[in-house]
Each structure stands twice: as C-alpha cells, then as structure tokens.
Amino acid sequence: QGVFIMGLGTFCAVREPLRLADEVLMVRRPIFKLAKNPAWQQWLKRPKVTVPENICIEPLDFQHLSQATSLPRPVVEDCVDETILLFSSYLKHKENVSFVFKDVGVLGREGNVARMKFFGSCIQQLETTASLVAALRS
C-alpha cells in the first residue's frame with residue numbers, strides 16, 4: 001500500500017528480489033516518487049522511480065492524521081499544505097533544503113538533484129527477517 005500527497009509525491013514500499021551469491025531474498029524497499037511541478041521540473045533532476053501498478057495508492061488520510069496528532073482536521077490539512085508550499089518554494093528558487101519526515105526519512109535538494117533518503121529504522125520496520133540486507137540494499 002502507498003500514500004499519495006498532492007503536490008509532493010507518492011510514498012510506498014515495493015517487494016523485490018535481492019540476489020546474494022547463491023540465494024535470493026524477497027525484501028520490502030521503501031520508495032518515493034516526487035510529484036511533477038511546472039515551477040521546478042524543468043531543471044530539477046530526480047531519481048527515476050516507478051511505482052508498480054499492483055500497489056494500492058491512496059490519498060493522504062487527513063482524518064487519521066488528525067486523530068494521531070490530536071489536532072483538528074482543518075489544522076492538519078493546512079499544515080500539510082503549507083509544508084508542501086514551503087518545499088515547492090525552496091525548489092522553485094533553487095535553494096538547498098531538507099525536510100525530515102518523522103520515522104521515515106529526509107526529502108531534500110542539493111544542487112539540481114532532489115531525493116528521498118530513508119532512515120534505517122524505517123527500512124527495518126518494513127523488513128524484519130532481512131533488515132540488514134534491506135538496509136544495505138536501500
């Protein structure tokens with residue numbers, strides 16, 4: 001399952017084979033696909049990421065976030081919108097920026113490249129049987 005955040009991109013985990021010498025392990029790997037934005041997509045390079053068609057992608061659940069944070073839903077929606085606008089503004093003005101997503105990773109821009117770096121703890125939560133291998137792979 002994945003989540004789509006309008007104006008930012010899509011987060012999900014993919015299951016893929018990892019070949020090590022004589023064995024093949026199936027591991028889950030987190031991926032992030034940055035949304036396209038006319039203000040910065042012309043010059044910004046981003047890793048080529050393909051979200052498999054069999055992954056169920058749902059929009060960000062503001063109600064769930066509201067309950068998890070004990071904030072009213074309109075406040076949560078405004079916070080998400082303002083964060084996306086701020087990130088987009090940094091990209092539009094070609095400024096280096098890093099946004100930390102708690103327990104997930106860091107989305108940032110350095111030079112003309114934007115990428116998501118996932119925390120090892122995020123990878124370990126996805127892959128319990130081969131967490132070290134999954135961490136090395138990502």
Side-chain angles (χ1 to χ4, degrees):
Q1 180 176 342
V3 64
F4 172 70
I5 304 171
M6 178 75 74
L8 186 62
T10 303
F11 288 92
C12 67
V14 295
R15 194 154 193 73
E16 62 183 24
L18 176 62
R19 289 168 184 78
L20 296 172
D22 295 337
E23 75 180 295
V24 176
L25 298 173
M26 292 302 290
V27 296
R28 290 181 63 190
R29 183 173 63 89
I31 62 172
F32 174 71
K33 183 174 183 176
L34 188 65
K36 293 181 179 179
N37 184 313
W40 36 263
Q41 76 182 34
Q42 300 299 327
W43 60 269
L44 185 67
K45 293 180 184 177
R46 49 193 187 270
K48 192 164 232 165
V49 176
T50 302
V51 176
E53 291 182 18
N54 64 339
I55 302 268
C56 177
I57 304 295
E58 297 183 4
L60 185 61
D61 186 345
F62 290 106
Q63 187 61 37
H64 180 75
L65 281 177
S66 174
Q67 292 170 350
T69 60
S70 300
L71 294 170
R73 180 178 171 146
V75 171
V76 171
E77 289 182 29
D78 286 346
C79 286
V80 170
D81 289 345
E82 289 298 320
T83 301
I84 293 168
L85 286 172
L86 181 60
F87 184 73
S88 294
S89 175
Y90 278 111
L91 293 181
K92 180 180 177 181
H93 293 99
K94 299 183 180 182
E95 296 179 43
N96 289 339
V97 64
S98 294
F99 277 76
V100 177
F101 293 86
K102 184 180 178 188
D103 299 327
V104 177
V106 179
L107 175 61
R109 174 197 174 267
E110 291 182 27
N112 62 346
V113 179
R115 69 173 43 104
M116 181 75 195
K117 294 179 184 177
F118 291 94
F119 295 140
S121 58
C122 173
I123 296 166
Q124 287 175 340
Q125 287 178 355
L126 290 174
E127 193 57 57
T128 56
T129 59
S131 59
L132 178 59
V133 175
L136 291 172
R137 175 73 167 100
S138 292

Is there a path from [X] to [Y] through hydrophobic residues (I, L, V, M, F, W, Y) whose side chains come within less than 4.5 Å of each other?
| X | Y | value |
| --- | --- | --- |
| L65 | M6 | no |
| V14 | V104 | no |
| F4 | V49 | yes |
| I55 | F32 | no |

Once rounded to the nearest 0.5 Å, what's the spacing between atom [atom1] of [X] and atom [atom2] of [Y]?
| X | Y | atom1 | atom2 | value |
| --- | --- | --- | --- | --- |
| L107 | L8 | CG | CG | 6.0 Å |
| I5 | L34 | CD1 | CG | 11.0 Å |
| L71 | Q67 | CG | CD | 12.0 Å |
| M116 | F11 | CE | CZ | 4.5 Å |
| D78 | L85 | CG | CG | 10.5 Å |
| C12 | R28 | SG | CZ | 10.0 Å |

Compare every heavy atom of [Y] with every heavy atom of [X], then report the nearest pair and how far apart it is.
| X | Y | value |
| --- | --- | --- |
| T50 | I31 | O-CD1, 3.8 Å |
| V51 | I57 | CG1-CD1, 3.9 Å |
| S88 | G7 | OG-O, 4.3 Å |
| D103 | C122 | O-CB, 3.5 Å |
| A114 | L44 | CB-CD2, 3.8 Å |

Checklist entry - When clusters are formed from ILVMFWY side-chain contacts under 4.5 Å, directly or step by step, what else is grouped with F119? => result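 The other cluster members (ILVMFWY side chains, heavy atoms under 4.5 Å, direct or chained) are V100, V106.
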Checklist entry - Does OH belonging to Y90 count more than 12 external heavy atoms closer than 6.0 Å? => result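 Not buried by this count: 12 neighbours or fewer within 6.0 Å.
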Return all side-chain donor-acceptor pairs below 3.5 angstrom for residues 91-99, not counting sequence neighbours, or 'none' if the list is empty.
from, atom 1, to, atom 2, distance (Å)
H93, ND1, S89, O, 2.8
N96, OD1, R109, NH1, 2.8
N96, OD1, G111, N, 3.0

Checklist entry - Got a sec, which residues hit salt bridge (Lys or Arg N to Asp or Glu O under 4.0 Å) with R115, two or more places apart in sequence or on another chain? => result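 Per chain and number, R115 pairs via salt bridge (Lys or Arg N to Asp or Glu O under 4.0 Å) with no residue.
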Next on the checklist: With a 3.5 Å distance limit and no angle check, can you tell me whether S66 reaches the backbone of F62 through a side-chain donor-acceptor pair?
Outcome noted: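 Such a contact is absent between S66 side chain and F62 backbone.
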